[in-house]
Amino acid sequence: MSGGRLLAAEAAADHPDFALALGFPPDLPEGGALVLGSRVQLSRLLTNLTDNARRHARTSVALTVRTGDRGVELAVDDDGPGIPEADRERVFARFTRLDVARARHDGGTGLGLAIARNIAHTHGGSLTAHTSPQGGARLLLRLPTPQYRNDSMHTSAHRSVRT
């Protein structure tokens, strides 16, 4: 099972009353899209993104993978309240929680997106916030394919990971 399909299965098991959609382009190779990196760190990044989306969604989260000329994109969309445009950079700062009324027991310390963005940057990628077609937030992860990675990023800790 690919990493993306495994993630979807785990999320569905954790939240059986929650709708989670997973989309792959028809031209995606059977083995998935190849990126180089630490399996542990990339798994943490994906977990942080999906946990954040589930925490803020009303009823559904969608993960969509696309491949491009220079890399792989993963869009994590939810149907929650979204992120105001003025706060779209601030959500990546450590300990940032936009809804001050939320109690800590509702989840989130304000570190998840900061950690996710740091991991994306460490792997030569980016993580940005947008408006989702579902009306909530879209977190867009872009990671380079191996041929577009900066050589200084290649270390023994970074191995091939298929999404």
Side-chain angles (χ1 to χ4, degrees), residues 1-25 28 31-68 71-84 87-99 102-144 158-163:
M1 183 179 284
S2 74
R5 287 180 177 84
L6 180 61
L7 181 65
E10 289 174 357
D14 288 345
H15 301 279
D17 58 336
F18 206 83
L20 179 67
L22 185 63
F24 292 100
L28 188 68
L34 182 67
V35 296
L36 293 179
S38 162
R39 184 178 300 272
V40 171
Q41 288 182 357
L42 291 172
S43 177
R44 168 57 50 206
L45 189 160
L46 294 175
T47 298
N48 287 2
L49 292 180
T50 56
D51 284 352
N52 184 77
R54 286 190 310 224
R55 191 174 303 116
H56 295 287
R58 288 185 191 95
T59 60
S60 68
V61 172
L63 295 110
T64 308
V65 175
R66 290 185 342 165
T67 57
V72 177
E73 286 186 357
L74 171 71
V76 180
D77 294 300
D78 68 60
D79 65 350
I83 302 170
D87 293 323
R88 289 187 185 157
E89 274 304 306
R90 192 168 75 88
V91 297
F92 297 107
R94 293 175 50 185
F95 302 109
T96 298
R97 296 172 53 152
L98 295 183
D99 186 352
R102 271 184 46 208
R104 288 216 185 265
H105 71 270
D106 288 338
T109 60
L111 288 172
L113 293 181
I115 291 168
R117 182 178 255 187
N118 181 271
I119 294 169
H121 286 172
T122 298
H123 287 78
S126 64
L127 179 61
T128 53
H130 306 272
T131 299
S132 167
Q134 295 182 334
R138 167 175 278 184
L139 294 173
L140 185 61
L141 170 65
R142 290 185 172 110
L143 293 172
H158 290 89
R159 294 186 176 88
S160 299
V161 178
R162 293 202 181 266
T163 59

Side chain to side chain donor-acceptor pair (under 3.5 Å), that's the test. Do Thr131 and Arg88 meet it? Break it down for me.
CA-CA 10 Å; Thr131 299; Arg88 289 187 185 157; 2.6 Å; yes
Asn52 and Val76: side chain to side chain contact (heavy atoms under 4.5 Å, CB included), yes or no, with the steps?
CA-CA 10 Å; Asn52 184 77; Val76 180; over 6 Å; no
So His123 and Leu45, side chain to side chain contact (heavy atoms under 4.5 Å, CB included) or not? Walk me through it.
CA-CA 11 Å; His123 287 78; Leu45 189 160; 5.9 Å; no
Determine, step by step, whether Glu73 and Leu141 satisfy the side chain to side chain contact (heavy atoms under 4.5 Å, CB included) criterion, reporting the C-alpha distance in whole Å, the side-chain angles of both residues, the deciding distance to 0.1 Å, and the verdict.
CA-CA 6 Å; Glu73 286 186 357; Leu141 170 65; over 6 Å; no
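In this structure, CG on Asn48 lies 14.0 Å from CZ on Arg117, to the nearest 0.5 angstrom. Distance check: Leu74 CG to Arg142 CZ gives 11.5 Å after rounding to the nearest 0.5 Å. Here CZ of Arg94 is found 13.5 Å from CG of Leu113. Values are rounded to the nearest 0.5 Å. The distance from the CD1 atom of Ile83 to the NE2 atom of His56 is 7.5 Å, given to the nearest 0.5 Å. Interatomic distance, CG of Asp77 versus CG of Leu63, reported as 8.0 Å (0.5 Å rounding).
Summarising the geometry of Leu139 relative to Phe92, their closest heavy-atom pair is CD2-CZ, 4.1 Å, with the distance given to 0.1 Å. The two residues Leu127 and Ala116 come nearest to each other via the heavy atoms CD2-CB, 3.7 Å. Shortest non-hydrogen contact noted between Ser126 and His121 is CA-CD2, 4.1 Å. Nearest heavy atom pair, residue Ala120 against residue Leu143, reads O-CD2, 4.2 Å. Nearest heavy atom pair, residue Ile119 against residue Arg44, reads CD1-CG, 3.8 Å. Heavy atoms only, all atoms of each residue included: Ala93 and Ala114 are closest at C-CB, 4.1 Å.
A salt bridge does not link Arg58 with Asp79: none of the charged nitrogens is closer than 4.0 Å to a carboxylate oxygen.
In terms of modelled atom types and a separation under 3.5 Å, the side chain of Ser43 and the main chain of Arg39 share no donor-acceptor contact.
Of the N and O atoms on the side chains of His130 and Ser132, not one donor lies less than 3.5 Å from an acceptor on the other residue.
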